[in-house]
Amino acid sequence: MNIITILRIALIIFVIASGAYFIKDLLAHKEDIKGGKPIALALIGCITNLLDTWGIGSYATTQAGFKFTKSSEDLTVPGTLNVGDTFPVTLEALLFFGFVDIDPLTLVLMLAASIIGALVGAGIVCKWNLKMVRLGLGVGLSILAVVLFCKNAGIGPFGVSGEALGLTGIKLVIGIVVNFFLGALMMIGVGLYAPCMALCAALGMNIGTAFPIMMGSCAFLMNAACFKFIKEGRYDRRAALYLAVFGCIGVVIAYKVACFFSLKTLTYIICVVMIYTAIMFFRDASKTEA
């Protein structure tokens, strides 16, 4: 049994446990699922996770969707993203784990680092007030917009073409440490995909290795972190449910259907949307008492 098979089995067991915990919480709070804006939430869940499967990421687009449609409160956005997107991202990881050959030690250590980072980050974010959450989301979106723009334009590490399928020595240490912080940043809504691609490219790895690393990291760390958000009740149960269900539908569509438009152009548009949404978060934070 190879490492990919073991990871798939472990992830399936993990998602069954987190899914059961999620369903238990929903059943205990049935009143929170009713009402709201079901059509908006369904479209957000499907479209954002469709884009996520193509490597654009779902966190920034989901935040923008919530903000524009006023379908979920700012305070619970970090928890809602981490709980709701756990299930479509897990499906992505199961599909993409065998995308390229990758050194097993590098993959396992970087996945573990992101999980530990997420657990540390979740404990901190659950204690933040509304002003801190809005500021955190604004900063996170701004950073991700810059990274995505650089990725799209081939600026910086994205212009480097590496061939390594694993890391050793100081490069492995750097990869582990950086992925730890990327896992922690996920807890305030900073997507891991684009930064992880940058990390892999900067360390001289084949860019294809970013797919099992970034999708596996997100799947494992989100399954781990969602327990904390669910336990604390710091998430929008209705929105998370729609993200989970319709997000999986979006992943399947993206995986099966060819892309009929330019992702490069779409990514630039999303960068603009992220900056605009970040400005909205900063504006709302300035009006919010600490």
Handout entry: CZ/Phe149: more than 12 non-hydrogen atoms of other groups inside 6.0 Å
Key = no

Problem - Within one Ile-Leu-Val-Met-Phe-Trp-Tyr cluster: Val178 and Val146, side-chain cutoff 4.5 Å - result: no

Problem - Straight-line distance of Thr61 OG1 to Asp52 CG, nearest 0.5 Å - result: 7.5 Å

Practice task
Grab the two heavy atoms, one from Cys226 and one from Asn82, that are nearest each other, plus how far apart they are.
Solution key: CB-O, 4.0 Å

Practice task
Please determine, by modelled atom types, if Asn223 and Thr86 share a side-chain donor-acceptor pair under 3.5 angstrom.
Solution key: no

Handout entry: No-hydrogen, no-angle side-chain donor-acceptor test under 3.5 Å, Asp85 and Ser58
Key = yes

Completion exercise
Note: Cys248 and Leu91 closest approach over all heavy atoms is O-CD2, 3.9 Å

Exercise for the section: Report the relative orientation of the aromatic rings in Phe14 and Phe220; use parallel for angles under 30°, tilted for 30 to 60°, perpendicular for over 60°. Expected result: tilted

Handout entry: Spacing of CG belonging to Leu182 relative to SG belonging to Cys218, to within rounding of 0.5 Å
Key = 9.0 Å

Problem - Hydrophobic cluster identity match, Phe181 and Leu81, side-chain contacts under 4.5 Å - result: yes

Practice task
Please step through side chain to side chain contact (heavy atoms under 4.5 Å, CB included) for the pair Leu27 and Lys30, ending with a clear verdict.
Solution key: CA-CA 5 Å; Leu27 292 176; Lys30 294 180 182 178; 4.1 Å; yes

Practice task
Taking all non-hydrogen atoms of both residues into account, name the closest pair between Ile213 and Met205 and its distance.
Solution key: CD1-CE, 4.1 Å

Exercise for the section: Give a yes or no on whether Phe68 atom CZ has more than 12 heavy-atom contacts from other residues, nucleotides or ligands under 6.0 Å away. Expected result: yes

Practice task
Taking the side chain as every heavy atom from C-beta outward, state whether Val77 and Gln63 have any pair of such atoms under 4.5 Å apart.
Solution key: yes

Exercise for the section: Determine the minimum heavy-atom distance between Tyr242 and Ala42, stating which atoms define it. Expected result: CD2-N, 3.9 Å

Handout entry: Test log, rule side chain to side chain contact (heavy atoms under 4.5 Å, CB included), inputs Leu105 and Ile3
Key = CA-CA 9 Å; Leu105 181 62; Ile3 188 63; over 6 Å; no

Problem - Side-chain ion pair, Asp284 and Lys67, N-O less than 4.0 Å - result: yes

Practice task
For Pro88 and Val251, work out which heavy atoms get closest and say how close.
Solution key: O-CG2, 3.6 Å

Problem - Nearest-0.5 Å distance that lies between atom CG in Leu107 and atom CG in Leu165 - result: 11.5 Å

Problem - Any side-chain donor near an acceptor of the partner, Asn2 and Thr5, under 3.5 Å - result: yes

Practice task
Evaluate the side-chain proximity of Lys228 to Leu119: yes if any heavy-atom separation is below 4.5 Å, no if none is.
Solution key: no

Problem - Phe211 vs Phe97 side-chain heavy atoms within contact, under 4.5 Å - result: no

Completion exercise
So CD1 of Ile9 and CG of Leu11: to nearest 0.5 Å the spacing works out to 11.0 Å

Exercise for the section: Tell me whether Ile176 is reachable from Leu111 by hopping between hydrophobic residues (I, L, V, M, F, W, Y) whose side-chain heavy atoms are closer than 4.5 Å. Expected result: yes

Practice task
State, yes or no, whether a side-chain contact exists between Val15 and Leu94 at a heavy-atom distance under 4.5 Å.
Solution key: no

Problem - Ile39 atom CD1, over 12 foreign heavy atoms within 6.0 Å - result: no

Exercise for the section: Test side chain to side chain contact (heavy atoms under 4.5 Å, CB included) on Ser114 and Phe180 and set out the steps. Expected result: CA-CA 4 Å; Ser114 68; Phe180 169 87; over 6 Å; no

Practice task
Report yes or no: does Arg237 contribute a side-chain atom to a donor-acceptor pair with the main-chain N or O of Ile33 at less than 3.5 Å?
Solution key: no

Practice task
Scan side-chain atoms only and decide if Asp25 and Tyr235 contain a donor-acceptor pair under the 3.5 Å cut-off.
Solution key: yes

Problem - Non-hydrogen side-chain atoms of Leu243 and Thr80 separated by less than 4.5 Å - result: yes

Problem - Intermediate values then yes/no, side chain to side chain contact (heavy atoms under 4.5 Å, CB included), Ser71 and Ile44 - result: CA-CA 10 Å; Ser71 54; Ile44 290 170; 3.8 Å; yes

Exercise for the section: May I ask you to test the Asp32-Arg238 pair for a side-chain heavy-atom distance under 4.5 Å? Expected result: no

Practice task
For residues His29 and Leu26, determine if any side-chain heavy atom of one lies less than 4.5 Å from a side-chain heavy atom of the other.
Solution key: no

Exercise for the section: Would you check if Phe87 and Met222 make a side-chain contact, meaning some heavy-atom pair closer than 4.5 Å? Expected result: no

Problem - Linked, directly or transitively: Met110 and Ile174 (ILVMFWY side chains, under 4.5 Å) - result: yes

Problem - Exceeds 12 heavy-atom contacts within 6.0 angstrom, atom OH of Tyr21 - result: yes

Problem - Donor-acceptor contact present, side-chain Thr76 to main-chain Ser72, <3.5 Å - result: no

Exercise for the section: Please answer: with hydrophobic residues joined when any side-chain heavy atoms are less than 4.5 Å apart, are Leu109 and Val173 in the same cluster? Expected result: yes

Practice task
Starting at CG of Asn206, measure out to CD1 of Ile102 and round the result to the nearest 0.5 Å.
Solution key: 9.5 Å

Problem - Thr209 side, atom OG1; Met214 side, atom CE - distance, nearest 0.5 Å - result: 10.0 Å

Exercise for the section: Check Asn179 against Ser217 and note the closest heavy-atom contact, atom names and distance. Expected result: ND2-OG, 3.1 Å

